[in-house]
Amino acid sequence: MAELDLNLLTALEALLAEGSVVGAARRLRLSDSAMSRTLARLREATGDPLLVRAGRRLVPTPRAEELRAKIGGLAEEVRAVLRPADAALDLATLERDFTIRAAESFVEALAARLVTAVAVAPKVRLRFAPKPDKDVAPLREGLIDLEIGVLGESGPEVRVQALFRDHFVGVARDGHPLLAGAITPERFATAGHVIASRRGTARSPVDDALAALALARTVVASVPSFPAALAIVAASDLVSVVPASYLDAIASRPAPLRAGVAGFPLPVATDPITISQMWHPRMDADAAHRWLRGVVLAVCGEGKERSHAR
(Lines give C-alpha, C1' and ligand atoms only; values in the text may rest on other atoms or scores of the structure.)
Protein backbone atom coordinates (compact mmCIF):
# COMPACT_ATOMS: atom_id res chain seq x y z
CA MET A 1 0.00 0.00 0.00
CA ALA A 2 2.93 2.34 0.62
CA GLU A 3 3.80 2.13 -3.11
CA LEU A 4 0.23 2.66 -4.34
CA ASP A 5 0.05 5.60 -6.77
CA LEU A 6 -3.50 6.66 -7.53
CA ASN A 7 -2.21 8.76 -10.42
CA LEU A 8 -1.84 5.49 -12.30
CA LEU A 9 -5.63 5.22 -12.42
CA THR A 10 -5.87 8.56 -14.21
CA ALA A 11 -3.07 7.55 -16.58
CA LEU A 12 -4.71 4.22 -17.38
CA GLU A 13 -8.05 5.97 -17.99
CA ALA A 14 -6.36 8.34 -20.47
CA LEU A 15 -4.43 5.57 -22.26
CA LEU A 16 -7.52 3.43 -22.73
CA ALA A 17 -9.56 6.40 -23.90
CA GLU A 18 -6.96 7.71 -26.35
CA GLY A 19 -5.50 4.40 -27.50
CA SER A 20 -2.05 5.98 -27.82
CA VAL A 21 0.80 7.22 -25.69
CA VAL A 22 0.90 10.53 -27.57
CA GLY A 23 -2.83 11.15 -27.14
CA ALA A 24 -2.76 10.25 -23.44
CA ALA A 25 0.28 12.49 -22.89
CA ARG A 26 -1.48 15.40 -24.56
CA ARG A 27 -4.63 14.77 -22.49
CA LEU A 28 -2.70 14.75 -19.20
CA ARG A 29 -0.28 17.50 -20.28
CA LEU A 30 2.74 15.24 -19.94
CA SER A 31 5.67 14.61 -22.24
CA ASP A 32 5.58 11.55 -24.49
CA SER A 33 8.54 10.05 -22.62
CA ALA A 34 6.86 10.55 -19.23
CA MET A 35 3.72 8.86 -20.55
CA SER A 36 5.77 5.96 -21.90
CA ARG A 37 7.35 5.47 -18.49
CA THR A 38 3.89 5.53 -16.89
CA LEU A 39 2.68 2.87 -19.31
CA ALA A 40 5.67 0.74 -18.32
CA ARG A 41 4.71 1.12 -14.65
CA LEU A 42 1.12 0.15 -15.44
CA ARG A 43 2.29 -2.96 -17.29
CA GLU A 44 4.41 -3.94 -14.31
CA ALA A 45 1.58 -3.27 -11.84
CA THR A 46 -1.07 -5.21 -13.79
CA GLY A 47 1.17 -7.93 -15.19
CA ASP A 48 -0.28 -7.27 -18.64
CA PRO A 49 0.97 -5.29 -21.67
CA LEU A 50 -2.40 -3.47 -21.80
CA LEU A 51 -1.70 -1.81 -25.16
CA VAL A 52 0.11 -3.67 -27.97
CA ARG A 53 1.19 -2.47 -31.37
CA ALA A 54 -0.88 -3.42 -34.40
CA GLY A 55 0.67 -1.75 -37.40
CA ARG A 56 0.99 1.96 -36.64
CA ARG A 57 -1.42 1.97 -33.74
CA LEU A 58 -1.87 0.45 -30.29
CA VAL A 59 -4.76 -1.88 -29.51
CA PRO A 60 -5.99 -2.94 -26.06
CA THR A 61 -5.43 -6.45 -24.77
CA PRO A 62 -8.36 -8.47 -23.38
CA ARG A 63 -7.22 -7.46 -19.90
CA ALA A 64 -7.28 -3.78 -20.94
CA GLU A 65 -10.79 -4.21 -22.34
CA GLU A 66 -11.84 -5.71 -19.02
CA LEU A 67 -10.32 -2.79 -17.14
CA ARG A 68 -11.90 -0.26 -19.51
CA ALA A 69 -15.36 -1.22 -18.21
CA LYS A 70 -14.28 -0.51 -14.63
CA ILE A 71 -11.77 2.29 -14.82
CA GLY A 72 -14.14 5.18 -15.60
CA GLY A 73 -16.34 4.73 -12.57
CA LEU A 74 -13.43 3.79 -10.33
CA ALA A 75 -11.40 6.87 -11.29
CA GLU A 76 -14.40 9.12 -10.70
CA GLU A 77 -14.99 7.62 -7.26
CA VAL A 78 -11.37 8.26 -6.33
CA ARG A 79 -11.63 11.87 -7.53
CA ALA A 80 -14.84 12.33 -5.54
CA VAL A 81 -13.11 11.10 -2.37
CA LEU A 82 -10.13 13.39 -2.82
CA ARG A 83 -11.83 16.56 -4.02
CA PRO A 84 -13.23 19.14 -1.53
CA ALA A 85 -16.52 17.83 -0.15
CA ASP A 86 -18.63 20.84 -1.17
CA ALA A 87 -17.60 20.38 -4.78
CA ALA A 88 -19.58 17.13 -4.81
CA LEU A 89 -22.66 18.45 -2.98
CA ASP A 90 -25.78 17.92 -5.05
CA LEU A 91 -28.74 19.68 -3.44
CA ALA A 92 -31.19 17.89 -5.70
CA THR A 93 -30.22 14.52 -4.23
CA LEU A 94 -29.00 15.54 -0.77
CA GLU A 95 -30.95 13.56 1.81
CA ARG A 96 -30.41 14.81 5.36
CA ASP A 97 -32.25 15.59 8.59
CA PHE A 98 -30.99 18.66 10.46
CA THR A 99 -31.92 19.47 14.05
CA ILE A 100 -31.80 23.16 14.95
CA ARG A 101 -32.22 24.30 18.53
CA ALA A 102 -33.57 27.83 18.87
CA ALA A 103 -35.85 29.92 21.03
CA GLU A 104 -39.58 29.83 20.34
CA SER A 105 -39.48 33.45 19.18
CA PHE A 106 -36.88 32.64 16.52
CA VAL A 107 -38.90 29.68 15.29
CA GLU A 108 -42.09 31.72 15.15
CA ALA A 109 -40.49 34.61 13.27
CA LEU A 110 -37.95 32.97 10.93
CA ALA A 111 -38.61 29.23 10.64
CA ALA A 112 -40.98 29.68 7.69
CA ARG A 113 -38.35 31.62 5.74
CA LEU A 114 -35.72 29.04 6.56
CA VAL A 115 -37.92 26.16 5.45
CA THR A 116 -38.62 27.99 2.19
CA ALA A 117 -34.92 28.66 1.63
CA VAL A 118 -33.91 24.99 2.02
CA ALA A 119 -36.63 23.87 -0.39
CA VAL A 120 -33.97 23.85 -3.13
CA ALA A 121 -32.91 20.58 -1.48
CA PRO A 122 -36.23 18.68 -1.56
CA LYS A 123 -34.97 15.73 0.51
CA VAL A 124 -33.67 17.87 3.38
CA ARG A 125 -35.81 18.00 6.52
CA LEU A 126 -35.53 20.52 9.34
CA ARG A 127 -36.43 19.76 12.94
CA PHE A 128 -36.66 22.66 15.36
CA ALA A 129 -35.91 21.53 18.89
CA PRO A 130 -36.97 23.43 22.04
CA LYS A 131 -34.32 25.41 23.85
CA PRO A 132 -34.72 24.96 27.61
CA ASP A 133 -31.22 26.28 28.40
CA LYS A 134 -27.83 27.20 26.94
CA ASP A 135 -26.16 23.87 27.66
CA VAL A 136 -23.79 22.94 24.79
CA ALA A 137 -23.84 19.21 25.63
CA PRO A 138 -26.36 18.43 22.83
CA LEU A 139 -23.94 19.97 20.30
CA ARG A 140 -21.04 17.97 21.64
CA GLU A 141 -23.04 14.76 21.68
CA GLY A 142 -24.42 15.23 18.17
CA LEU A 143 -28.03 15.48 19.33
CA ILE A 144 -28.45 18.80 17.51
CA ASP A 145 -26.71 20.12 14.40
CA LEU A 146 -26.99 23.85 14.97
CA GLU A 147 -27.71 26.13 17.91
CA ILE A 148 -29.10 29.63 17.34
CA GLY A 149 -29.30 32.32 19.98
CA VAL A 150 -27.31 34.52 22.32
CA LEU A 151 -23.93 33.03 23.09
CA GLY A 152 -23.70 31.42 26.50
CA GLU A 153 -21.00 29.27 28.07
CA SER A 154 -20.24 27.49 24.83
CA GLY A 155 -16.86 25.98 25.58
CA PRO A 156 -13.63 26.68 23.68
CA GLU A 157 -14.19 24.14 20.92
CA VAL A 158 -17.63 25.31 19.77
CA ARG A 159 -17.63 27.29 16.52
CA VAL A 160 -19.55 30.57 16.58
CA GLN A 161 -20.72 32.83 13.76
CA ALA A 162 -22.56 36.08 14.42
CA LEU A 163 -25.81 36.35 12.47
CA PHE A 164 -27.08 39.81 13.42
CA ARG A 165 -27.39 42.33 16.24
CA ASP A 166 -30.63 43.27 17.94
CA HIS A 167 -31.91 45.46 20.75
CA PHE A 168 -34.84 45.41 23.14
CA VAL A 169 -37.97 47.52 22.89
CA GLY A 170 -40.99 47.95 25.09
CA VAL A 171 -44.44 46.66 24.06
CA ALA A 172 -47.95 47.55 25.17
CA ARG A 173 -51.40 46.93 23.77
CA ASP A 174 -52.76 49.37 21.22
CA GLY A 175 -54.35 52.28 23.12
CA HIS A 176 -52.49 51.60 26.38
CA PRO A 177 -52.39 54.71 28.64
CA LEU A 178 -48.59 54.49 28.76
CA LEU A 179 -48.48 55.33 25.06
CA ALA A 180 -50.49 58.54 25.50
CA GLY A 181 -47.58 60.69 26.64
CA ALA A 182 -43.84 60.79 27.04
CA ILE A 183 -42.61 57.41 28.28
CA THR A 184 -40.30 58.26 31.16
CA PRO A 185 -38.36 55.72 33.24
CA GLU A 186 -40.77 56.43 36.12
CA ARG A 187 -43.94 55.79 34.10
CA PHE A 188 -42.40 52.70 32.53
CA ALA A 189 -41.34 51.26 35.89
CA THR A 190 -44.70 51.77 37.59
CA ALA A 191 -46.66 49.99 34.86
CA GLY A 192 -47.43 46.32 35.50
CA HIS A 193 -44.91 44.08 33.69
CA VAL A 194 -44.91 40.56 32.27
CA ILE A 195 -41.40 39.20 31.72
CA ALA A 196 -40.20 36.43 29.41
CA SER A 197 -37.75 34.11 31.12
CA ARG A 198 -37.27 30.36 30.70
CA ARG A 199 -36.10 30.07 34.29
CA GLY A 200 -38.59 32.57 35.70
CA THR A 201 -35.76 34.94 36.59
CA ALA A 202 -37.08 38.46 37.05
CA ARG A 203 -33.71 40.22 36.73
CA SER A 204 -32.57 41.52 33.33
CA PRO A 205 -30.41 44.35 31.90
CA VAL A 206 -33.56 46.50 31.90
CA ASP A 207 -33.81 46.10 35.67
CA ASP A 208 -30.15 46.99 36.06
CA ALA A 209 -30.67 50.18 34.05
CA LEU A 210 -33.71 51.10 36.13
CA ALA A 211 -31.88 50.32 39.37
CA ALA A 212 -29.22 52.86 38.38
CA LEU A 213 -32.03 55.42 38.54
CA ALA A 214 -33.31 54.02 41.87
CA LEU A 215 -36.33 52.50 40.09
CA ALA A 216 -37.72 48.96 39.85
CA ARG A 217 -40.31 47.29 37.67
CA THR A 218 -43.55 45.91 39.07
CA VAL A 219 -43.49 42.34 37.78
CA VAL A 220 -46.98 40.81 37.71
CA ALA A 221 -46.31 37.69 35.64
CA SER A 222 -43.44 35.61 34.25
CA VAL A 223 -43.73 33.40 31.15
CA PRO A 224 -41.17 31.19 29.37
CA SER A 225 -41.14 32.91 25.97
CA PHE A 226 -41.60 36.20 24.12
CA PRO A 227 -44.65 34.95 22.17
CA ALA A 228 -46.40 34.13 25.46
CA ALA A 229 -45.51 37.54 26.88
CA LEU A 230 -46.85 39.26 23.78
CA ALA A 231 -50.13 37.36 24.00
CA ILE A 232 -50.65 38.61 27.55
CA VAL A 233 -49.69 42.16 26.63
CA ALA A 234 -52.21 42.19 23.77
CA ALA A 235 -55.03 41.19 26.13
CA SER A 236 -54.21 43.24 29.23
CA ASP A 237 -52.74 46.46 30.61
CA LEU A 238 -49.40 44.79 31.29
CA VAL A 239 -46.32 45.83 29.34
CA SER A 240 -43.22 43.84 28.44
CA VAL A 241 -39.83 43.95 26.75
CA VAL A 242 -39.05 41.96 23.58
CA PRO A 243 -36.36 41.96 20.87
CA ALA A 244 -37.06 44.58 18.20
CA SER A 245 -36.68 41.99 15.46
CA TYR A 246 -39.39 39.80 16.95
CA LEU A 247 -41.80 42.72 17.09
CA ASP A 248 -40.96 43.54 13.45
CA ALA A 249 -41.77 39.97 12.45
CA ILE A 250 -45.14 40.14 14.22
CA ALA A 251 -45.96 43.52 12.68
CA SER A 252 -45.40 42.24 9.15
CA ARG A 253 -47.98 39.47 9.45
CA PRO A 254 -51.54 39.61 8.08
CA ALA A 255 -54.04 41.26 10.43
CA PRO A 256 -55.65 38.05 11.79
CA LEU A 257 -52.23 36.81 12.92
CA ARG A 258 -50.85 40.12 14.14
CA ALA A 259 -50.91 40.82 17.87
CA GLY A 260 -52.64 44.09 18.78
CA VAL A 261 -49.54 45.61 20.33
CA ALA A 262 -47.38 48.64 19.74
CA GLY A 263 -43.68 48.98 20.35
CA PHE A 264 -41.88 51.90 21.92
CA PRO A 265 -38.23 52.76 22.63
CA LEU A 266 -37.14 51.87 26.13
CA PRO A 267 -36.67 54.95 28.32
CA VAL A 268 -33.41 53.46 29.63
CA ALA A 269 -30.30 52.35 27.73
CA THR A 270 -29.51 48.65 27.35
CA ASP A 271 -26.66 47.00 25.48
CA PRO A 272 -27.41 45.46 22.07
CA ILE A 273 -27.48 41.67 21.81
CA THR A 274 -25.75 39.50 19.22
CA ILE A 275 -27.49 36.45 17.82
CA SER A 276 -25.15 33.70 16.64
CA GLN A 277 -25.22 30.23 15.20
CA MET A 278 -23.08 27.64 16.94
CA TRP A 279 -21.90 24.18 15.92
CA HIS A 280 -19.38 21.54 16.88
CA PRO A 281 -16.05 21.62 14.99
CA ARG A 282 -16.52 18.09 13.71
CA MET A 283 -19.10 19.60 11.31
CA ASP A 284 -16.73 22.27 9.94
CA ALA A 285 -15.85 20.43 6.75
CA ASP A 286 -19.22 18.73 6.24
CA ALA A 287 -20.49 20.15 2.94
CA ALA A 288 -24.18 19.81 3.76
CA HIS A 289 -23.73 21.42 7.17
CA ARG A 290 -21.75 24.28 5.62
CA TRP A 291 -24.55 24.80 3.13
CA LEU A 292 -27.13 24.91 5.95
CA ARG A 293 -25.07 27.47 7.86
CA GLY A 294 -24.93 29.63 4.75
CA VAL A 295 -28.70 29.43 4.35
CA VAL A 296 -29.26 30.44 7.99
CA LEU A 297 -26.87 33.37 7.61
CA ALA A 298 -28.62 34.54 4.44
CA VAL A 299 -32.11 34.25 5.94
CA CYS A 300 -31.11 36.14 9.08
CA GLY A 301 -29.32 38.78 7.06
CA GLU A 302 -32.49 39.62 5.15
CA GLY A 303 -33.77 41.39 8.24
CA LYS A 304 -30.56 43.35 8.89
CA GLU A 305 -30.70 43.64 12.65
CA ARG A 306 -33.17 40.87 13.33
CA SER A 307 -32.68 38.77 16.42
CA HIS A 308 -34.38 36.45 18.84
CA ALA A 309 -32.58 36.08 22.10
CA ARG A 310 -32.63 32.73 23.74
Side-chain angles (χ1 to χ4, degrees), residues 1-99 115 117-127 140-146 157 159 279-298:
M1 292 299 293
E3 298 177 356
L4 181 64
D5 184 355
L6 295 180
N7 287 320
L8 292 178
L9 286 175
T10 302
L12 179 58
E13 182 185 33
L15 283 164
L16 295 180
E18 298 291 337
S20 75
V21 171
V22 173
R26 186 184 308 114
R27 179 169 177 164
L28 298 181
R29 298 182 180 180
L30 298 174
S31 66
D32 292 353
S33 59
M35 197 71 241
S36 293
R37 289 194 296 272
T38 301
L39 177 56
R41 292 180 60 197
L42 282 165
R43 285 168 170 167
E44 181 179 0
T46 61
D48 189 272
L50 299 175
L51 294 171
V52 295
R53 187 163 297 282
R56 295 185 177 181
R57 62 191 184 93
L58 296 176
V59 295
T61 64
R63 171 64 171 155
E65 291 288 3
E66 178 185 339
L67 291 174
R68 191 200 302 272
K70 301 177 180 178
I71 193 64
L74 182 59
E76 179 55 35
E77 286 182 16
V78 170
R79 283 192 287 267
V81 168
L82 298 180
R83 72 165 63 103
D86 54 354
L89 184 64
D90 182 359
L91 295 179
T93 60
L94 175 64
E95 189 168 353
R96 190 80 166 263
D97 292 352
F98 290 108
T99 299
V115 169
V118 302
V120 294
K123 295 183 179 180
V124 166
R125 291 168 293 275
L126 300 181
R127 173 181 174 264
R140 290 173 174 154
E141 297 169 7
L143 300 177
I144 62 174
D145 297 287
L146 205 59
E157 83 280 16
R159 301 290 191 260
W279 65 95
H280 195 274
R282 69 173 173 276
M283 305 307 296
D284 270 347
D286 183 86
H289 197 277
R290 270 210 306 263
W291 166 76
L292 176 65
R293 299 195 304 263
V295 172
V296 171
L297 181 62

Completion exercise
For A64 and L50 the tightest heavy-atom approach is CB-O, 3.2 Å
Exercise for the section: Give a yes or no on whether the backbone of G142 and the side-chain of H280 come within a donor-acceptor separation of less than 3.5 Å. Expected result: no
Problem - Student check: side-chain heavy atoms of L292 and L126 closer than 4.5 Å - result: yes
Practice task
Go through the steps for T61 and V52 under the test side chain to side chain contact (heavy atoms under 4.5 Å, CB included), then give the verdict.
Solution key: CA-CA 7 Å; T61 64; V52 295; 3.9 Å; yes
Practice task
Check whether any side-chain heavy atom of D97 lies under 4.5 Å from a side-chain heavy atom of R127, and answer yes or no.
Solution key: no
Practice task
Decide yes or no for L39 and L15: does some side-chain heavy atom of the first lie under 4.5 Å from some side-chain heavy atom of the second?
Solution key: yes
Problem - L91: which of V124, V120, V118 passes side chain to side chain contact (heavy atoms under 4.5 Å, CB included) - result: V120
Exercise for the section: Any chance you could lay out the side chain to side chain contact (heavy atoms under 4.5 Å, CB included) test for R96 and D286, step after step, and finish with the verdict? Expected result: CA-CA 12 Å; R96 190 80 166 263; D286 183 86; 3.1 Å; yes
Practice task
State, with a plain yes or no, whether a side-chain heavy atom of E95 is found less than 4.5 Å away from one of R125.
Solution key: yes
Practice task
Decide side chain to side chain contact (heavy atoms under 4.5 Å, CB included) for T38 and N7; before the verdict, give the C-alpha distance in whole Å, the side-chain angles of both, and the deciding distance to 0.1 Å.
Solution key: CA-CA 9 Å; T38 301; N7 287 320; over 6 Å; no
Practice task
Without swapping roles, check the side chain of R68 against the backbone of L16 for a donor-acceptor pair under 3.5 Å.
Solution key: yes
Problem - Polar side-chain atom of R63 near backbone of P49 as donor-acceptor pair, under 3.5 Å - result: no
Practice task
Step by step, work out the side chain to side chain contact (heavy atoms under 4.5 Å, CB included) result for M35 and L28.
Solution key: CA-CA 9 Å; M35 197 71 241; L28 298 181; 4.2 Å; yes
Exercise for the section: Would you name the heavy atoms of A288 and F98 that are closest together and state the gap between them? Expected result: O-CZ, 3.7 Å
